[in-house]
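Heads up, the thing below is written out as structure tokens.
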Amino acid sequence: MDVQGKVTKMFETQTFQSGFQKREIVVTTNEQYPQPISIEFTQDKISILDNINVGDNVKVSINLRGREWTSPDGVVKYFNTLQGWRVDKIISEQITGESASNSPVSPTNSFNASVDNLENESSDMDDLPF
């Protein structure tokens, strides 16, 4: 799964007594009703965030994790976590879908360019048998 939006918060890395480490970011989606989504990165995945800054538009690949917990009173609760494993920066043009580099080439134009190239090459090669 992926979450796409703007990084609105980045928290410091937390290290626990067990040696476990995690770092969280908040990505606010680009929708009619923007959603602030908290995503955590753990252990070796924390270094992925080294080149990410607040304000960057990103696409974060995530895994949805869940766990069950029983309180001392015997009440069972469930917790969900979004765990990030990849982050790609997005150019603002990719968000709107209007990237000039990805504009389609008309089949007619590409065909005409190929025909012109063939005509120029054929004038150089008069010794062909056909």
Spacing of [X] atom [atom1] and [Y] atom [atom2] [to the nearest 0.5 Å]:
| X | Y | atom1 | atom2 | result |
| --- | --- | --- | --- | --- |
| K59 | R86 | NZ | CZ | 7.5 Å |
| I90 | N30 | CD1 | CG | 8.0 Å |
| N63 | K45 | CG | NZ | 9.5 Å |
| K6 | T29 | NZ | OG1 | 12.5 Å |
| T13 | K22 | OG1 | NZ | 11.5 Å |
| D44 | Q21 | CG | CD | 10.0 Å |

Minimum heavy-atom distance [X]-[Y], with the two atoms named:
| X | Y | result |
| --- | --- | --- |
| I48 | W85 | CD1-O, 3.3 Å |
| E24 | S38 | OE1-OG, 3.1 Å |
| I39 | Q83 | CG2-C, 4.3 Å |

Side-chain heavy atoms of R23 within contact of M10, under 4.5 Å: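 R23 vs M10: side chains touch.
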Do V60 and D2 come close enough that some side-chain heavy atom pair is under 4.5 Å?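 With C-beta onward as the side chain, the pair stays apart.
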Do [X] and [Y] belong to the same hydrophobic cluster, where Ile, Leu, Val, Met, Phe, Trp and Tyr are linked whenever their side-chain heavy atoms lie under 4.5 Å apart, directly or via other members?
| X | Y | answer |
| --- | --- | --- |
| F20 | F11 | no |
| V54 | L49 | yes |
| L64 | Y78 | no |

Linking Ile, Leu, Val, Met, Phe, Trp and Tyr through side-chain heavy atoms less than 4.5 Å apart, which residues share a cluster with F79?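 Reading the cluster by chain and number, F79 sits alongside W69.
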Would you indicate whether N51, at its atom CG, is surrounded by more than 12 heavy atoms from other residues, nucleotides or ligands within a distance under 6.0 Å?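 Count not over threshold, so no.
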Atom CD of residue position E12 - does it have more than 12 heavy atoms of other residues, nucleotides or ligands inside 6.0 Å?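 Check fails, neighbour count at 12 or below.
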Please identify each residue that fulfils side-chain contact (heavy atoms from CB on, under 4.5 Å) with T8, with sequence neighbours left out.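 Applying side-chain contact (heavy atoms from CB on, under 4.5 Å) to T8 gives V26, T28.
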